Every structure is written in C-alpha cells, then in structure tokens.
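Read the structure below first, then the notes.
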Amino acid sequence: MSATTHTTTVPHATTDAPASVPSYGTVAAPTSGTASGTASGRPASNGRRPIEMLKRRWPTALAVALVILTTADGPGELADTVGAFGDALPLLPLLYVIIHQVGNPRVTWPVLGAGVAAMVALGAQDVVSQPVALVAIALAVLVWGAVRGTPHGRAAFGVQAAGAFAFGALALVGLAVDPDLGRYLVAAGWFFHGVWDFVHLRLDKVVARSFAEWCGVVDVLIAVHLLFLL
C-alpha cells in the first residue's frame, strides 16, 4: 500500500515543475520586446530630447537669434559699431542696480523693457548722450540705495555699486578714445558683464535666472563680434 502511494506521488511532483516554467517566460517576454516603447529598443522620449532642451534653454536660443539679427548686416564702420555698443553698455549694470533695489527678480524682464524704451527715447534727443544719461541714472539709484537702504544688505549693495562704476567707466572711456582702442575696452565691458551674468545665474541672485542666462550669452557673443568679426 505504501509503495503504491509512493509511485503516485512522484509523477505528481514531476508534472508541477514544468508547469511553472511558462509562467516565468511570460513575465520576462515584455522586458526584451516592446517594453521600451519602440521597435529599436530605445526610449520613446529620445525624439523629444531636442524639444525639451530647447524649452529649458530658450534664453540661450533667444540670445543667439538676437545677436544674429543685430549683426546680420555684416561689419560696418568701426567707429559706428563701437559707438553703438558703447552707448548700450551702461544699460547692463543699470538694470542690475534697479532690480537689486526693487528686491524682486520677477520685475527683471519688465525693467529690461523699460530700459530699452529709455534708450530709444535718449537716442531721439541731442541734449545728453545715451551713456552719460544711463550712468547718471545708475548713480541716482545708488544714492537712493545708500540713503534709504537696500533689501539685500550693504555687502550686496557694494558689489552692485562696484559693477556699475566699472562697466560705466569702460563704456565712457571706450567711447572717448580712438575706435581702434575703444573696441577692446567696450568688448572687455561686454565680456566681463557676461561673466557677471553667469556668476549671478550660478548664485541665483538679484535678477531672474532666465535673464541672467540670456544676458550672459548676448554679452559674450557681442564681445566676440567686437574683437574678431569687425
């Protein structure tokens, strides 16, 4: 009786073992087939990576497009080009000074729009030159900050004041000297303000990150244009 029981148990065990094999096969099959979403096995999101990168780096793309449009006419007269970029250079530290005093990076792009409008208005009159007026506005804002206080503390205020003086001086001296020398001074101002932008981008301070990235790329490309493409 016990021998009969033994012979019936053994076949039952052997039939259970193969039964579990297909179950493993059905689980493993999708991992080597269409689980990646494409026939090639690459992630379906690969094709979207350039679009996603463009969404993240839109300030850089906008900066490159702006510089291309600005310099599309090719090299012009050296004095005119140095004069145009020298006139615009003091606007860069002025924006930082104003936004620093406001204390809210969200106003960065509106302040840029107001600054560009101010430059257009200054260019339409002959009473005072653009760079002198921009430097004077920056000094007025700095005096306001020294008297009324600053939202970021005295140390940060001192850094912005030093930047306004340094970049304003490079612009004014670059416009006053011979264009052959002035191009290097104005280019230095644009380049080092690009470094200034990237430092603020890294620290995430004062201005909006999108503006710091955009302005940094614009500044460096204009410096390259002044040095090598004129």
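For this chain, numbers begin at 1 and follow the sequence in order. Any value given below was found using the heavy atoms of this structure, including those in side chains, with hydrogens, waters and symmetry copies removed. Since we're looking at a predicted model, the values are computed, not measured.
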Worksheet item: Tell me the side-chain hydrogen bond (donor to acceptor under 3.5 Å, both in side chains) pairs involving residues 160-178, sequence neighbours left out?
Response: Gln160-His200
Fill in: 4.5 Å side-chain heavy-atom contact, Thr81 and Leu226
yes
Discussion item. Hydrophobic clustering (ILVMFWY, side-chain heavy atoms < 4.5 Å, transitive) - are Val67 and Leu69 grouped together?
Written reply: no
Worksheet item: Restricting to pairs with a member in residues 98-123, which pass salt bridge (charged side-chain N to carboxylate O under 4.0 Å, His left out), not counting sequence neighbours?
Response: none
Worksheet, complete the sentence: ring-ring contact (aromatic ring centres under 6.0 Å, His included) pairs touching residues 173-192, sequence neighbours excluded, are Phe85-Trp190
Worksheet entry | Heavy-atom side-chain proximity of Trp214 to Leu112 below 4.5 angstrom | yes
Fill in: Pairwise side-chain hydrogen bond (donor to acceptor under 3.5 Å, both in side chains) hits with a residue in residues 107-126, at least two apart
Trp109-Ser210
Item to complete: Check Pro93 against Pro90 and note the closest heavy-atom contact, atom names and distance.
Response: CD-O, 3.3 Å
Worksheet item: In terms of hydrophobic clustering (I, L, V, M, F, W, Y; side-chain heavy atoms under 4.5 Å; direct or indirect links), are Leu95 and Leu203 co-clustered?
Response: yes
Worksheet entry | Residue pairs involving residues 132-157 (criterion ring-ring contact (aromatic ring centres under 6.0 Å, His included); sequence neighbours excluded) | His100-His152
Response to the item:
So CD1 of Ile137 and CG of Leu142: to nearest 0.5 Å the spacing works out to 12.0 Å
Discussion item. Tell me if the centroids of the rings in His193 and Phe198 come within less than 6.0 Å of each other.
Written reply: no
Worksheet item: Of all heavy-atom pairs between Val218 and Ala63, which one has the smallest distance, and what is that distance?
Response: CG2-CB, 3.4 Å
Practice prompt. Find out whether Leu92 and Cys215 are in side-chain contact, i.e. whether some heavy atom of one side chain is under 4.5 Å from a heavy atom of the other.
Written response: yes
Worksheet entry | Ile68 with Val217, same ILVMFWY side-chain cluster at under 4.5 Å | yes
Item to complete: Return the minimal non-hydrogen interatomic distance between Tyr96 and Val206, and the atom names on each side.
Response: O-CG1, 3.9 Å
Worksheet item: Quick one: does Val186's side chain get under 4.5 Å of Leu170's, heavy atoms only?
Response: no
Response to the item:
So the salt bridge (charged side-chain N to carboxylate O under 4.0 Å, His left out) pairs with at least one residue in residues 190-209 (sequence neighbours excluded) are none
Item to complete: State, yes or no, whether a side-chain contact exists between Leu175 and Pro131 at a heavy-atom distance under 4.5 Å.
Response: yes
Worksheet item: Trp58 versus Leu62: any side-chain heavy-atom pair under 4.5 Å?
Response: yes
Worksheet item: Looking only at heavy atoms, which two atoms of Arg183 and Leu227 are closest? And how far apart?
Response: NH2-O, 3.5 Å
Discussion item. Any non-hydrogen side-chain atom of Met119 less than 4.5 Å from a side-chain atom of Leu134?
Written reply: yes
Worksheet item: Applying the 4.5 Å side-chain criterion to the ILVMFWY set and letting contacts propagate, would Val195 and Val159 be lumped into a single cluster?
Response: yes
